[in-house]
Amino acid sequence: MTRRPVPRVEMEWETPAVLAPAPHPALWPWLLSGLVSLGLLGGSLWLSRALSVPNAPATVPQCCQLTYEVRGAGRGVPVRVRALEAPPLLTLTPEQTTTAAPGTVALPGPGKYRVRVSADGYAPQTATVQVPSAAPVVLELE
């Protein structure tokens, strides 16, 4: 048996495809925007507390009614009621309300007010009243 030379056969092998993992989106922009948002939120909370007025009401009510009776004046006499001073942080419009006694006056919120009541033929009187009140406030005219 004789050996014959075997022709050299060259084969090409396909290299197996290596799948790379899918690229992850960059996380640093999300982290940075989250940190900035937290910083803004924390700064806003700190600023709101730093600028708050001590003992201020949390919310300002829409309105309160002062119900009053006038003693010393006849029933149904036209009475002028004017709020002179309001509780802190409430805006008071310098209005004068003319009604027949007894009556009501709308005020911007609860608290202590200084009011002036007057009627023709009577000396004007100033009184401090608490609003709201369960019973009508009695104002004296002389």
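These numbers come from the heavy atoms of this one structure, side chains and all, not from hydrogens, waters or symmetry mates. Treat the numbers as computed from the prediction; the structure is a model and nothing was measured.
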Original post:
Got a second to check how far Leu84's CG is from Arg114's CZ, nearest 0.5 Å?
Top reply: 5.0 Å
Original post:
Which pair of non-hydrogen atoms, one from Pro78 and one from Ala119, has the smallest distance, and what is that distance?
Top reply: O-CB, 3.6 Å
Original post:
Any idea which heavy atoms bring Pro110 and Pro87 closest together, and the distance?
Top reply: O-CG, 3.5 Å
Original post:
Asp120 versus Arg80: any side-chain heavy-atom pair under 4.5 Å?
Top reply: yes
